[in-house]
Amino acid sequence: MSASFRNFVVARVLLTVPMVLILVTMVFFVMRVLPGDPIRSQLGPKVSEAQAEAIRERLGLNRPLTVQYFDFLWRMVTLDFGNALTQGERPIRDELSELLPATIELTLPAMTLTAVVGVLSGAYAAQRRKRPADYAIRVFSIVVYAIPVFFLGLMFQIIFSVRLGLFPLAGRMDALLLRDFRPVTNFYVVDAIVQGNWPALKSLLLHLVMPSVTLGLILMGPFIRLTRVNMIEALQADYITAGRARGLPERRLTYRHALRNTFIPILTLIGLQFALLLAGAVLTETTFSWPGMGRYLVKRIELRDYNAVQSVIAVFALAVGAISVMVDVLYAFVDPRVRY
Amino acid sequence: MVTTPGGGKDTLVQIRDLSVTYHTRLGPLSAVSGVSFDIRRGEILGLVGESGCGKSTLGRALMRMVAPPAEISQGQLLFDGEDIMAYDGEKMRDFRGRRVSMIFQDPLTSLNPVQRVDEHVVEAIQVHEPQTTIRVALNRARTLIQTLGIRANRLRDYPHQLSGGMRQRVMAGLGLVLNADLIVADEATTSLDVIVEAKLLDEFKRLRDEFNLTILLITHNIALVAQIADRIAVMYAGQMAEVGDVVTVFDDPCHPYTEGLLRSVPNVKLNEREVLYKMGGEPPNLTHPPMGCRFHPRCPMAMPICSAEEPALLPVVGDVEHLVHCWLHQPQTRGAEAQA
């Protein structure tokens with residue numbers, strides 16, 4: 001690894017710092033501008049002002065805003081997010097250690113599905129340009145792009161769960177199995193495999209199908225479109241004609257030569273879509289009662305749990321920043337012409 | 001329609017009455033119409049003509065590589081006595097590269113930018129000879145690249161890391177690695193500077209002498225043909241205007257178009273700068289080609305019959321090897337010029 005490459009990575013990582021900082025700063029102040037506060041949202045108007053003030057005192061919410069702000073920033077740097085302000089006031093680190101694995105377990109299959117199916121169907125559409133398969137795939141890409149998550153999720157629930165009974169309606173795992181399940185890493189699928197708990201694994205996977213397919217479909221449209229357009233261009237490139245003149249089979253020309261050249265824009269899209277993936281996860285988790293970061297975020301926004309919301313957003317921002325650094329680094333591997 | 005003398009044992013390719021039609025919105029465009037000629041084993045045949053005269057289309061048609069909206073609308077293609085128009089997809093694919101290979105004009109865009117040079121070569125070998133191991137294929141690539149004057153360690157490079165001349169030699173190498181009988185070089189040296197061009201032409205000549213390779217040199221550069229070709233074929237507006245031995249045609253061009261073409265070539269002798277001949281008119285619109293001989297609107301020697309009827313491609317008097325497509329040399333009208 002060359003020195004210039006190392007410099008590039010370091011610079012790129014440092015650039016994410018202001019990005020995260022701006023985002024958490026905005027969230028910090030916007031949360032406090034919103035009407036309501038963590039105490040009233042939980043305890044309602046019946047609590048006396050003196051009692052409320054006592055709780056504020058205990059939670060440190062009566063300190064000057066700047067003190068709270070820099071206190072929060074410092075805790076974020078040390079990755080100790082402090083305690084939640086509502087619902088048990090647990091350390092946020094503990095909450096996240098349960099929520100984050102659930103969200104990753106949902107988004108990873110969704111993203112894989114989106115990228116693999118999206119790219120392959122886009123490539124297929126390009127190869128069958130202006131034929132029925134191409135039109136069908138293009139219509140499909142618009143439909144899944146335009147459809148809202150909750151509507152698609154609801155349809156899936158009605159059809160595949162209520163009517164056909166193929167998949168469980170919501171949640172991450174059967175409640176009965178969950179009672180005896182002892183998670184270690186909180187990646188339940190990993191835990192179930194390590195412990196050899198097959199009934200639990202089966203239940204987990206069945207619960208995973210509808211939410212991850214929903215989330216995956218929502219994000220698939222741009223992948224199909226982008227792959228198709230770039231593949232059409234790549235298939236007209238001189239090196240494809242030259243390869244054909246060398247007697248290379250069409251399938252190899254499409255799925256090796258042209259597709260490998262389309263990976264460059266696709267990689268960019270993966271980076272861009274990652275933010276949408278997290279946004280989609282919020283809605284998907286809410287629709288399917290998936291106990292992850294997204295559902296937690298929605299709940300805690302309602303409760304005006306400043307600390308919890310700030311922390312979740314900070315984690316999201318860090319994840320988006322990390323992914324975009326990874327994408328930039330991966331360019332060098334996908335495209336030999338890119339040198340840092 | 002026409003029989004070309006010289007067919008027989010030493011003939012590698014026989015093209016008979018070949019037409020290629022582009023289906024455009026303005027109606028069918030006959031890019032190549034009713035072309036017949038032979039390519040002899042071990043010769044370098046120069047195919048010349050203006051841009052858009054159909055020479056590249058003809059070159060591609062030899063490999064049946066005309067893609068929609070173009071198609072080979074009629075004609076016969078015999079390669080080594082075999083009718084390749086009757087080949088099915090798989091046979092045709094194998095034919096390309098193994099029997100005939102093509103070298104393209106732009107070597108940078110004709111090589112896959114994300115594939116290393118050795119991947120290109122090994123792929124070509126393995127697609128046609130699946131039993132060859134990677135090690136053997138790599139050895140062949142190494143030997144080949146060295147004969148072309150490139151150090152073997154450059155095999156690990158990507159196309160963009162090579163110089164223009166090296167890329168063109170790599171392209172040529174890809175054409176040679178499978179020991180194809182015929183190389184179609186479509187403006188293969190056009191993008192090179194004169195020194196590199198001369199080197200590559202020498203290489204062509206050497207390969208022809210050493211391996212009895214047959215080369216179809218498609219170019220708009222008539223000087224190049226004079227330099228290395230054995231025979232010349234002049235195309236005009238999708239038809240063969242004149243075919244013959246290089247020395248004969250250059251000394252005594254029979255078609256007014258060939259004559260004009262030869263008089264348009266710049267001369268480097270600075271002390272006798274004569275004004276270059278400029279041919280009047282424009283090449284015809286091939287969706288509606290002129291009646292009779294397609295050259296008659298631009299021809300300084302046009303006769304009444306030229307705009308009425310099309311001449312045939314026939315040998316000139318006293319030389320069965322020298323064919324011309326012109327009323328000045330048809331038996332019915334021979335000598336008409338003198339009378340007029």
Side-chain angles (χ1 to χ4, degrees), chain A residues 2 4-5 119 123 125-134 227 230-268 270 327-340, chain B residues 56 59-60 62-69 89-117 119-121 123-130 156-161 167 170-171 173-178 180 183-184 186:
Chain A
S2 69
S4 66
F5 183 67
V119 166
Q127 201 199 0
R128 312 240 111 204
R129 192 183 174 193
K130 291 189 177 168
R131 294 203 224 154
D134 178 28
T227 309
N230 280 285
M231 274 293 279
I232 286 174
E233 203 186 301
L235 284 172
Q236 286 163 351
D238 287 346
Y239 57 82
I240 296 293
T241 314
R244 194 171 290 134
R246 240 177 282 137
L248 305 185
E250 287 301 314
R251 204 146 32 92
R252 196 182 180 89
L253 290 170
T254 310
Y255 293 102
R256 275 243 183 154
H257 290 246
L259 193 56
R260 238 177 104 181
N261 276 279
T262 13
F263 277 155
I264 298 150
I266 290 171
L267 195 60
T268 312
I270 289 180
V327 163
D328 279 352
V329 170
L330 280 175
Y331 276 135
F333 293 93
V334 174
D335 189 347
R337 287 162 296 186
V338 174
R339 284 287 171 271
Y340 297 112
Chain B
S56 282
R60 282 180 191 206
L62 288 186
M63 303 179 81
R64 283 181 55 199
M65 288 240 318
V66 288
E90 181 52 28
K91 241 178 142 183
M92 200 57 226
R93 185 194 64 67
D94 187 55
F95 174 83
R96 295 183 191 131
R98 209 170 46 76
R99 304 301 306 273
V100 183
S101 65
M102 202 158 190
I103 305 175
F104 292 88
Q105 173 168 1
D106 188 342
L108 180 58
T109 59
S110 299
L111 292 166
N112 188 340
V114 301
Q115 252 190 353
R116 287 195 314 263
V117 172
E119 290 176 288
H120 278 93
V121 184
E123 179 184 42
I125 295 174
Q126 288 200 317
V127 158
H128 290 282
E129 302 162 16
R156 303 286 297 174
D157 283 356
Y158 286 94
H160 72 276
Q161 295 169 304
R167 277 179 216 141
V170 167
M171 273 309 286
L174 278 171
L176 298 168
V177 72
L178 297 164
I183 306 276
V184 178
D186 187 359

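Labels below follow one simple rule: chain letters A, B, ... track the order of the sequence lines, proteins then strands, and each chain is numbered from 1.
- Counting non-hydrogen atoms of other residues, nucleotides and ligands closer than 6.0 Å to CZ of A:R252 gives a total above 12.
- With chain A as the partner, the residue from B:L178, B:V114, B:L174, B:V127 showing the most heavy-atom pairs under 4.5 Å is B:V114.
- Salt bridge absent: A:R256 and B:E123 never bring a charged side-chain N and a carboxylate O closer than 4.0 Å.
- For B:E119, the part lying under 4.5 angstrom from a heavy atom of chain A is the side chain only.
- Heavy-atom distances place no part of B:D94 under 4.5 Å from chain A, backbone and side chain included.
- Only the backbone of B:V100 has a heavy atom closer than 4.5 Å to any heavy atom of chain A.
- Applying the 6.0 Å contact sphere to CD of A:E233 captures no more than 12 heavy atoms from other residues, nucleotides or ligands.
- The main-chain N or O of A:G243 is never found under 3.5 Å from a side-chain atom of B:H120 such that the two would form a donor-acceptor pair.
- No side-chain donor-acceptor contact under 3.5 Å links A:N230 and A:T262.
- The choice from B:G97, B:G89, B:S110 that makes the most heavy-atom pairs within less than 4.5 Å of chain A is B:S110.
- Salt-bridge formation is not detected for the pair A:K130/A:D134: no Lys NZ or Arg NE/NH1/NH2 atom is positioned less than 4.0 Å from an Asp or Glu carboxylate oxygen.
- Proximity to chain A (any heavy atom under 4.5 Å) is restricted, for B:R60, to the side chain, taken from C-beta onward.
- Between chain A and the residues B:M171, B:M63, B:R116, B:Q115, the largest count of heavy-atom pairs under 4.5 Å involves B:Q115.
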